[in-house]
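Quantities reported herein were computed from a predicted structural model and do not represent experimental measurements. The chains referred to below are lettered A, B, ... by the order of the sequence lines, with proteins before strands, and numbering in each begins at 1.
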Amino acid sequence: MTAFIIRRLMQSVGVALAMSLIVFIGMHIVGDPIYILVDPQSDQAEIDATIRRLGLDRPLWEQYLLFLKGAVTGNLGNSFVHGTSALPLILERMPATLELAFASLILAIVIGIPLGLYAGLYPETVASRAIMAGSILGFSLPTFWVGIMMIMVFAVMLGWLPSTGRGPTATYLGMTSSLFTVEGWRYVLLPALNLALLKVSLVIRLTKSGTSEAIHQDYIKFARAKGLSRSRIVGVHLLKNILIPVVTVLGLEFGNQIAFAVVTETIFAWPGMGRLLISSIQSLDRPVIVAYLIITVLMFIVINLVVDILYSLLDPRVRLGEKSA
Amino acid sequence: MSVAEPTDPLGRVEPKARAAAETPFQRFVSDYFDNWIAAAALILLGALIALALAAPWLVPQNPYDLAQIDILDSRLPPGTPSSTGAFTHWLGTDGAGRDLVSAIFYGLRISLFVGVSSGIIAMALGAAVGLAATYAGGRIETLVMRIVDLQLSFPAILVALMLIAVLGKGVDKIVIALVTVQWAYYARTVRGSALVEGRKDYVAAARCLGLSNARIVFRHILPNCLPPLIVVATVQTAHAISLEATLSFLGVGLPQTEPSLGVLISNGFEYMLSGKYWISFFPGIALLLTIVSINLVGDHLRDVLNPRLSR
Amino acid sequence: MTMHVGRWVGAAVLAAGLALSAVASADAKELRIALSAEPSAMDPHFHNLTPNNALNRHVFDRLIHFDAKQNTVPGLAESWRTVDDKTWELKLRKGVVWHDGSPFTADDVLFTMERAPNVENSPGSFNIYVKGKTFTKVDDHTVRVTTAEPYPLMPNDLTTIAIISRKHGSNAKTEDYNSGKAAIGTGPYKLVEFVKGDRYVLERNEAYWGPKPVWTKVTIRPIKAGPARVAALLAGDVDLIEEVPTTDIAKLKTDGRVALAQGLSNRVIYFHMDHWRDETPFITAKDGSKIKNPLKDKRVRQALSMAINRDAIVDRLMEGAAVKASQFLADEFFGTSKTLKPVPHDAAGAKKLLADAGFPNGFKMTLHGPNGRYTNDARIAEAVAQMFTRIGVETAVETMPGAVFFRRASTGANGEPEFSFILVGWGAGTGEVSSPLKSLVATYDKAKGTGAANRGRYSNAELDKLIADGLATIDDAKRQALFAKASEAAMEDVAIIPTHYQFNTWGTRKGLKYEPRTDENTLAMSVSE
């Protein structure tokens, strides 16, 4: 097991190295943001001085080696635009993104499971067919387009919810989040719903197929024979069994949520790390892009590692090793 | 459309007796059209593709020809006659004075082109890599599949964003980014079904006959991998179109001057609050119809081509 | 500032309902602002960038301030005068205290001038406004500045540099300003919180030396997307937004919930073109074969300028939020010519000029421009390409993100400008015309520091002399005449093709007034009830 974990971690370092090298070379070709950073009134001497100050006058290999040297000590370089170290710049925006992803997962469960349950229990009804057709629609709707529509309808036309931004935060059990305030939930509702859209469809489909399989199984038949009420069978026995795969899949999807938050954050002006990535790409802020890349590579590898280890602990038939086929 | 001809061997177990006299292809077609929603989706998709292909002959204006569009025609509401009086802007015009019907058809062309071409290239590449890995076996297979797993563990949109950051804007760059994002899905699919096929009796029989490995892989295993590949291809094409639109919306996708549907929507976003809904609304509907119809077709193909789910 | 008791109690009650902090004292008035761009630091010397400067202007004063029209008015310096051509003397305001109560003196000024050009990792420093100037202390409230050459722009330069306190600024890094530790200024507001990318909270400085602003608390948030900003205003989430998208102006004018404030900016949108290469990379004959650079012929440049329908750009694209341009800076500003008129649209005349120049069938050209850098930039490029195509100059448009565009437009081809014909904009930071003259059309000369943004490498000895003479003339009237003459010479030769001057538009909730500023700054001090 330890050997497996070490090998995985070494692989991830390799991936991070390779990716950072690609970004370094690629962005070197695309260009640098010098001319939009300096005061337009600057003369050439001042422009050159700025290039030197940001270290962009050095040859690329030297810049990369300097980056590696810093990376070993946990310093991923200074943002060209913000001047401060790139890593904390991203980390300080991470809670907002995590909070959005978390809220959207909760919404996906709260909306998706009842609908999926209904569609699984009464598959032939018109409502169920509508739910299942709707779930395909949910897969197909472009997130950004729905986001725009949501702002139009709920914030501008109806005025029910704030249009953009993140609400006030509160600290509870050492965590600071806008989810701990009522006002905060008003702000997070629209973006979370927008981000949850794809997942709602996924949850509906998983719950539905889980339900239609489970209702034919012996333990349900047995419970029914025992004379348990219908609501108890569905609410306790059935739900317990279908919830496990749903929650597992959603856990795996958490990383995806964080990635897709890029779009939602852009529309709803949510101050998370996804929006930082977009503006960094537009302003060619290489250190931030590289740092973001490394953080996500590590995050995803850890998520996958944890999942693999959990599987091996839960299911003795799964052995960790090279051949995962 | 002879792709379904050899059919998965399991598929030969007849789920229904009625089809005794039908060829597998006929059975596939009748199975498919059993579901009227899927049938309607296929017809809609066909119509959209036809419209996109025939756009230059159908629409009143070439929206990319600057000599034909006039800034004085910008932001006209639906139903306004054009300034030359030659035709009517049934869906209005956009901020640059493009007729929206024309812009949507041409935009559809670009969106479909990007989606389909990246899909085909990714499929060819992914299938080749998947098969080659299976064929080679051993360490190479392990390594390739490890790369595939690694890539699939990252969300497509992030990988695409990073690539666009490195490559810059443009149709060719978007296609490269989308191929890079998608090939792994195909590689995994092909390898998965190749492994299943490889354990089957007919492969063992072919081995006994002394056929070469290459011949077995390409003549026998590959055709049997096609049904799942087709399903993945439809889903991935819809995904690619949606991804392109999203990247364009984020301002890192295609250039403004020859707008795809995503760029049209993104441009129209600026007009949403001023009541000029049509600039963003109609391209959005076109995008939605395209993606929904492809997804519905793909969803149903999965049911029809997968005998385990036979109703 | 008169107060209508009923109204402000009402506003306070309303604010308390929405306010983040539940406590609303009797005269608490909160203002919520949405910016279009994100200030990158609270350190006033970190990056010379409009959003940064506008934000730190609340907390830090300058020696000399710009009023809303970029006229110089007293700031921390009560008065200034020239001792001789090369020496300026500034009298500092007495009795001014820093936010922590310690007194402001000449030492702070000297310290500021030391620090401003030397901030670590600065992506755009204030060095150009400090270098060449020697600051000396005469007494605690008198400072002298000497230069090697006569320097008439001294007051304008001093409006850019935020004065910081020696006590808090010694060894302070950018992070210390962002955390608030070193962000102790003399300005009308104190910094409460700087949460990068999210919100910036200010509270009124009750001990301010100048007129006290109306608002006791100011919360500023960046909302980049224009429609989202408008939505936030309409939904009542914010009280003031900057950069109202031109697409929404017409609609908002008729909306009873909001009021708009519009004012001329110091920014001109113009086209720069290749004046120096004999063959220019993005121009070919219609059949794609190489031709000599037609832009070197003045008649071709005139034709292109005449082909542009400036009325259409102002009315259709800018929706009235612009005015047709005839030179580098709108007529109201110092140093502009009062005789130049915008070139009228004349497609037939343009075709004739092209034919006279030997291009009866026109040619093929690619117009390059940034995307999202100036208001409607990509659309303007497209519209102008339409207009050029109509006179036979078949024009393709290529737009790209600003970061990519400016690099390629400046040094893309082996250190030389890459493009043939570009759309660009210029904001005269100094509030007068020498800024665009010196940067855009003076001969490119690295050593002299002229023509740094001359991306067409225009060169005209006569013009260079006019500009140099003007920059060395302290007398305002004489300088004005020289610059006006320089502007006329540049326009006569079509060194650049200006299209329009931008208007800046702010939106407020009904009942508030914003005083529009030419320098595009959004300030809580400019908002009144």
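No part of A:Ser280 comes within reach of chain B, as not one of its non-hydrogen atoms sits under 4.5 angstrom from that chain. Contact of A:Arg275 with chain B is not made at all, since no heavy-atom distance falls under 4.5 Å. Proximity to chain A is limited to the side chain of B:Ile265, based on heavy atoms less than 4.5 angstrom apart. Residue B:Leu150 touches chain A through its side chain alone, counting heavy-atom pairs closer than 4.5 Å. For chain A, no part of B:Ser266 is nearby; none of its heavy atoms comes within less than 4.5 Å. Only the side chain of B:Leu287 comes within contact range of chain A, with at least one heavy atom under 4.5 Å from a heavy atom of that chain. Looking at A:Met299, there are no atoms closer than 4.5 Å to chain B (heavy atoms on both sides), in backbone or side chain. Contacts of B:Ala238 with chain A are absent, with no heavy-atom separation under 4.5 Å from either backbone or side chain.
Taking CZ of A:Phe144 as the start and OG1 of B:Thr246 as the end, the distance is 5.0 Å to the nearest 0.5 Å. A:Ile258 CD1 to B:Leu158 CG: the interatomic distance, rounded to the nearest 0.5 Å, is 9.5 Å. Rounding to the nearest 0.5 Å places CD1 of B:Ile294 at 9.0 Å from OG of A:Ser140. Distance check, rounded to the nearest 0.5 Å: CD1 of A:Ile136 to CG of B:Asp299 gives 3.5 Å. Atom CD1 of A:Ile281 sits about 9.0 Å away from atom CD1 of B:Ile164, to the nearest 0.5 Å.
Using a 30° and 60° split on the angle between ring planes, B:Phe281 and A:Trp145 fall in the tilted class, from 30° to 60°.
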Handout entry: Derivation of the side chain to side chain contact (heavy atoms under 4.5 Å, CB included) call for A:Leu277 and B:Met162
Key = CA-CA 9 Å; A:Leu277 176 69; B:Met162 288 294 170; 4.0 Å; yes

Problem - Residue pair A:Ile267, B:Phe249: steps toward the side chain to side chain contact (heavy atoms under 4.5 Å, CB included) verdict - result: CA-CA 10 Å; A:Ile267 302 168; B:Phe249 174 77; 3.7 Å; yes

Exercise for the section: Evaluate the side chain to side chain contact (heavy atoms under 4.5 Å, CB included) criterion for residues B:Leu161 and A:Ile278: first the C-alpha distance (whole Å), next the side-chain angles of each, then the deciding distance (0.1 Å), finally the verdict. Expected result: CA-CA 8 Å; B:Leu161 266 177; A:Ile278 295 291; 3.9 Å; yes

Exercise for the section: Run the numbers on B:Val292 and A:Leu137 for side chain to side chain contact (heavy atoms under 4.5 Å, CB included), then give the verdict. Expected result: CA-CA 6 Å; B:Val292 170; A:Leu137 202 64; 3.6 Å; yes

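Within a 6.0 Å sphere centred on CD1 of B:Ile140, other residues, nucleotides and ligands contribute 12 heavy atoms or fewer. The number of heavy atoms from other shown groups lying within 6.0 Å of CZ (A:Phe24) is above 12. The number of heavy-atom neighbours closer than 6.0 Å to CZ of A:Phe102, taken from other residues, nucleotides and ligands shown, is 12 or below.
Between chain B and the residues A:Leu293, A:Thr266, A:Val15, the largest count of heavy-atom pairs under 4.5 Å involves A:Leu293.
Nearest heavy atoms, B:Leu250 versus A:Gln282: O-NE2, 3.1 Å.
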